[in-house]
Amino acid sequence: MIRKAFKMYLNPDCAAEYEKRHNELWDEMKIMINEYGGHNYSIFLDKDTNVLYAYIEIEDEEQMWTKSADTPINRKWWDYMAPLMKVHEDNSPVCDDLCEVFHLD
């Protein structure tokens, strides 16, 4: 397993809707995440800054996980979430990778 962490940026006053939409995550998205090697996915919100911190474990092939971005269901999800967060022109969320500096099992 590869552990990945990254941060994203929520728009002001969108926290409740962001959480609601994730609590109602489409079954197709859950299936796609697993099919492309994603497991143990969590997202945390710093309410003071509106910064989202995400953690996911992916199977050994990072290339497979990267390909998930181009699936129709993922593109549909990005379009659905775009009004709530900072995004690129293609509606993909602006993400900054975080470097792991410590891990303990």
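All residue numbers in this chain count up from 1 along the given sequence.
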In short, Pro93 meets His88 closest at the heavy-atom pair O-CD2, 3.7 Å
Of all heavy-atom pairs linking Met64 and Gly37, the shortest is CE-N, 3.5 Å
Report task. Begin from the C-alpha positions of His22 and Trp77 and carry the test ring-ring contact (aromatic ring centres under 6.0 Å, His included) through to its verdict. Result -> CA-CA 10 Å; His22 278 80; Trp77 182 258; 5.2 Å; yes
Rounded to the nearest 0.5 angstrom, the CD-NZ distance for Glu62 and Lys4 is 4.0 Å
Rounding to 0.5 Å, atoms CG (Leu45) and CE (Met8) come to a distance of 10.0 Å
Which of parallel (below 30°), tilted (30 to 60°) and perpendicular (above 60°) describes Tyr41 and Phe6? tilted
Lys/Arg-Asp/Glu bridge criterion (N-O < 4.0 Å) met for Arg75, Asp90: yes
**Asked** Quick one: does Asp46's side chain get under 4.5 Å of Tyr53's, heavy atoms only?
**Response** yes
side-chain contact (heavy atoms from CB on, under 4.5 Å) between Leu10 and Lys86: does it pass, once the steps are laid out? CA-CA 6 Å; Leu10 197 58; Lys86 186 175 177 183; over 6 Å; no
Pair Arg3, Glu100 - check side-chain contact (heavy atoms from CB on, under 4.5 Å), show working.
CA-CA 8 Å; Arg3 292 182 303 276; Glu100 182 176 300; 2.6 Å; yes
Between Tyr80 and Tyr18, is there a shared hydrophobic cluster once you connect ILVMFWY residues whose side-chain heavy atoms come closer than 4.5 Å?
yes
Using modelled atom types and a 3.5 Å cut-off, is there a donor and acceptor pairing between side-chain atoms of Asp27 and backbone atoms of Ile31?
no
Just do the side-chain hydrogen bond (donor to acceptor under 3.5 Å, both in side chains) check on Asp96 and Tyr9 with the steps written out, would you?
CA-CA 9 Å; Asp96 292 319; Tyr9 307 91; 2.2 Å; yes
